[in-house]
Q: 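My structure is below; once you've seen it, I'll send some questions.
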Amino acid sequence: MSLLVTKNLVKYFGDTHAVDHVDFTVKEREVLALIGSNGAGKTTLVNLISGLFPPDSGQILFRGQDVTHESVHGRISAGIARSFQLVNLFDQLSALDNVALTIFSREGKTRKLASLASADHAVWDEALEILRLFGLEGKAQMLAGGVSQGERKLLDVAIAYALRPKLLFLDEPTSGVSTREKTPIMDTVTSVVRSRGISAAIIEHDMDVVFNYSDRIVAMHQGAILADGTPDEIRRNEAVTTTLIGTTGPR
Amino acid sequence: MSTPAVTASANAREAGSVRTVLRWAVPVAVLLLVVPWIVPPYTAILLTYGLVMAIGALGFNLLLGYTGLLSFGHSAYFGVGAYVVALMVKYLGVGSMELFLFGAIIGSVIVTAVFGWVCVRYTRIFFSILTLALSQVLWSLAFKFFWVTGGTDGLRVPTPSLLVGLVTGQGDKTDFMSHAYYHYVLVVFFAAVALMWVIVNSPFGKALQAIRDNETRAEFVGVQIWRYRFVAFLVSGVFTGLAGALWVPLNGLTTPDIIHWSFSGEIVFMTVLGGFRSFAGPIVGAVVFNYLKTYAVGYTVYWQLLLGAVLVALVLSLPTGIVGTAGRLAARWKKVS
Ligand SMILES: Nc1ncnc2c1ncn2[C@@H]1O[C@H](COP(=O)(O)OP(=O)(O)OP(=O)(O)O)[C@@H](O)[C@H]1O
Ligand SMILES: [Mg+2]
């Protein structure tokens with residue numbers, strides 16, 4: 001059963017065919033890796049699906065519902081969450097506040113203006129729990145603008161995770177993170193994704209990470225899907241090895 | 001999921017914040033309550049003006065400090081509050097302060113709802129220009145419809161009765177303003193401060209700060225930014241409208257000057273002077289600005305020039321405002337000792 005299906009999705013930026021008639025699917029309960037060289041259109045595809053901007057044409061179906069013209073808010077309620085390649089945080093709020101605000105929003109509690117946020121213990125406990133999951137509990141009280149680049153990246157992922165999505169898009173979650181830290185991050189992300197029974201689509205350049213953690217790999221090239229298969233199939237796919245793995249390789 | 005350690009720290013955090021605030025607020029409140037008996041009436045009346053402006057600036061800063069929107073049209077809501085009161089006197093013969101406040105709230109809800117609906121679609125300079133333009137429309141209306149508003153002569157407002165007629169201002173006006181009215185304003189001020197403190201510390205307040213910091217991400221955690229901006233705009237305008245209603249009996253007269261954009265500029269200035277990054281900044285800034293302005297006016301006819309120069313110097317030397325700078329000094333002092 002497909003969780004997400006795009007049909008003939010198109011997005012051009014002038015002469016750049018960023019997403020060019022893409023039929024992309026994410027199945028239920030899978031960890032999918034989206035690969036492709038710089039400028040292949042991976043981020044643009046996620047931007048279209050998450051609602052940052054509308055496609056030129058084509059359709060997006062999530063759990064059978066057409067969400068092509070749904071608002072960002074509507075897509076989040078439906079269960080689509082994303083992290084950002086270029087980190088997007090609430091810099092003047094603490095790391096803990098960043099996650100707590102997300103939980104308040106998820107629970108529809110941000111409408112409350114006559115009660116103190118600090119009194120809602122369940123939210124703060126969960127926020128701290130999520131920070132701990134990503135190894136950020138030591139930074140809970142620091143301003144998000146003041147932690148290291150790698151930690152900011154993790155916090156960005158933690159925020160998307162805190163929305164309890166059914167489909168989690170992670171745009172290069174381990175870029176800017178040291179090689180030593182990549183493994184625990186990917187272990188954490190994939191284990192929570194699997195234990196929750198949700199799906200994740202992870203954009204990743206590090207081929208070791210891609211082959212170690214994904215159930216399925218989709219390779220993009222110049223806005224189109226070049227290959228789609230299991231890690232073994234992709235490893236043997238000549239088109240992919242010549243255009244992609246040969247040129248990019250593990251960073 | 002919630003280990004005892006986590007809960008304990010959450011409890012400590014909450015108790016900590018409320019307790020720290022009370023440690024500050026209680027002595028200040030007590031001091032403010034006894035002010036009329038320890039300072040000359042003139043000083044108490046000046047402070048009344050300061051407290052009134054503090055309510056207005058507090059409202060203004062919900063937009064600037066917490067939502068990241070610089071309104072250059074808050075004179076409009078202040079003016080609505082003041083003119084609603086004056087028109088209630090003129091056309092309805094009302095003299096009760098409670099009715100004045102009620103009327104001013106209704107009036108400013110209506111005007112801020114309309115203005116807010118237009119303005120919250122924009123941010124940054126576009127938002128500022130639009131709020132300014134709309135306030136100037138209101139200013140010119142107050143000018144042009146002189147048979148209703150009194151034009152440049154303005155409208156007089158007599159001393160109101162307080163607490164549904166229990167306290168009337170029959171006797172000496174100075175005495176009334178420096179005692180009964182001072183305490184009346186003080187109580188409204190306390191209520192406004194407490195309410196605003198809860199709002200900025202509520203989940204809603206967190207959402208506003210999220211919008212301020214990163215609009216895109218706020219949207220991508222599910223915050224519908226226009227709606228939140230609109231509600232913030234409404235609350236902000238109503239606080240400032242309330243200030244206008246409290247101001248007009250004190251001044252005894254309202255003229256179109258208070259709707260002019262230069263008065264919006266004063267609201268911006270007092271907030272920045274006190275420090276828009278802190279909750280108490282606009283309060284301190286409003287009181288200090290009011291004293292500075294009064295002495296500058298008494299000192300020289302070039303008071304605007306003098307005041308401008310003093311304010312530029314202050315803002316340049318204290319970029320985080322009076323409250324921000326004081327906080328940093330206190331922290332340094334604590335570290336040394
Ligand atoms: N907002 C935009 N305006 C104009 N062009 C854009 C925009 N976003 C992306 N592009 C262009 O579309 C193409 C695809 O970009 P995209 O960011 O989707 O690639 P990517 O696969 O995510 O690459 P990377 O691995 O470098 O992140 C690129 O040529 C890029 O320059
Ligand atoms: Mg990208």
Side-chain angles (χ1 to χ4, degrees), chain A residues 50-52 71-77 80-84 86-93 96-130 132 137 140-141 143-145 156 159-160 162-163, chain B residues 1-21 62 65-68 194-228 230-232 234-236 276-278:
Chain A
S50 64
L52 186 67
S71 67
V72 172
H73 176 80
R75 291 175 213 227
I76 292 167
S77 315
I80 303 175
R82 68 170 296 183
S83 75
F84 288 83
L86 299 171
V87 177
N88 261 319
L89 298 175
F90 309 117
D91 284 346
Q92 303 291 322
L93 298 181
L96 187 63
D97 275 356
N98 269 263
V99 179
L101 176 268
T102 306
I103 301 170
F104 279 121
S105 175
R106 183 194 76 204
E107 300 286 312
K109 288 175 173 170
T110 41
R111 273 180 239 124
K112 293 186 177 182
L113 45 69
S115 68
L116 292 179
S118 57
D120 200 331
H121 299 304
V123 169
W124 296 99
D125 291 351
E126 189 192 337
L128 206 55
E129 201 62 46
I130 290 173
R132 191 169 294 146
E137 73 273 25
Q141 301 303 337
L143 293 187
D156 198 302
I159 289 171
L163 288 167
Chain B
M1 191 151 153
S2 66
T3 60
V6 174
T7 321
S9 82
N11 280 334
R13 181 176 51 245
E14 187 200 355
S17 67
V18 175
R19 216 181 295 149
T20 344
V21 167
L62 183 67
Y66 291 92
T67 320
L195 186 63
M196 187 56 88
W197 194 78
V198 171
I199 290 173
V200 303
N201 287 291
S202 68
F204 172 80
K206 294 263 183 240
L208 295 186
Q209 292 164 59
I211 292 171
R212 171 198 68 195
D213 282 3
N214 192 329
E215 200 183 312
T216 307
R217 193 54 188 260
E219 200 178 355
F220 276 88
V221 300
V223 175
Q224 290 159 299
I225 44 183
W226 282 9
R227 285 194 198 178
Y228 284 77
F230 179 75
V231 175
L234 212 56
V235 173
S236 173
F276 68 98
R277 282 288 186 210
S278 58

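First the proteins, then the strands, lettered A, B, ... as listed; each starts at 1.
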Q: Checking B/Arg217 against B/Val221 for the side-chain contact (heavy atoms from CB on, under 4.5 Å) test, could you report, in this order, the C-alpha distance in whole Å, the side-chain angles of both residues, the deciding distance, and whether it holds?
A: CA-CA 6 Å; B/Arg217 193 54 188 260; B/Val221 300; 4.2 Å; yes
Q: Less than 4.5 Å apart, any side-chain heavy atom of A/Leu52 and any of B/Phe220?
A: yes
Q: Taking the inter-plane angle between the rings of B/Tyr228 and B/Phe204 on a 0 to 90° scale, is it parallel (under 30°), tilted (30 to 60°) or perpendicular (over 60°)?
A: parallel
Q: Return the option, out of A/Val123, A/Asp156, A/Asp120, with the maximum number of heavy-atom pairs under 4.5 Å with chain B.
A: A/Asp156
Q: Relative to chain B, which segment of A/Leu101 carries a heavy atom at a distance below 4.5 Å: side chain, backbone, both, or neither?
A: side chain
Q: Determine yes or no for a side-chain-to-main-chain donor-acceptor pair under 3.5 angstrom, with B/Asp213 supplying the side chain and A/Gln92 the backbone.
A: yes
Q: Flag the one option from A/Arg82, A/Arg106, A/Arg75, A/Glu137 with the top tally of heavy-atom pairs under 4.5 Å to chain B.
A: A/Arg82
Q: Please classify the contact between A/Ala122 and chain B as side chain, backbone, both or neither, with a heavy-atom cut-off of under 4.5 Å.
A: neither
Q: Does any heavy atom of chain B fall under 4.5 Å from the side chain of A/Leu163, the backbone, both, or neither of them?
A: side chain
Q: Does the pair A/Phe104 and A/Val99 meet the rule for a side-chain contact (heavy atoms from CB on, under 4.5 Å), with working shown?
A: CA-CA 9 Å; A/Phe104 279 121; A/Val99 179; over 6 Å; no
Q: Which atoms of A/Ser50 are under 4.5 Å from chain B, going by heavy atoms: the side chain, the backbone, both sets, or neither?
A: both
Q: Under 4.5 Å from any heavy atom of chain A, what part of B/Arg227 do you find: side chain, backbone, both or neither?
A: neither
Q: Would you please test A/Ile76 and A/Val72 for side-chain contact (heavy atoms from CB on, under 4.5 Å) and show each step?
A: CA-CA 6 Å; A/Ile76 292 167; A/Val72 172; 3.8 Å; yes
Q: Check whether B/Val200 gets within reach of chain A through its side chain, its backbone, both or neither, counting any heavy atom under 4.5 Å.
A: neither
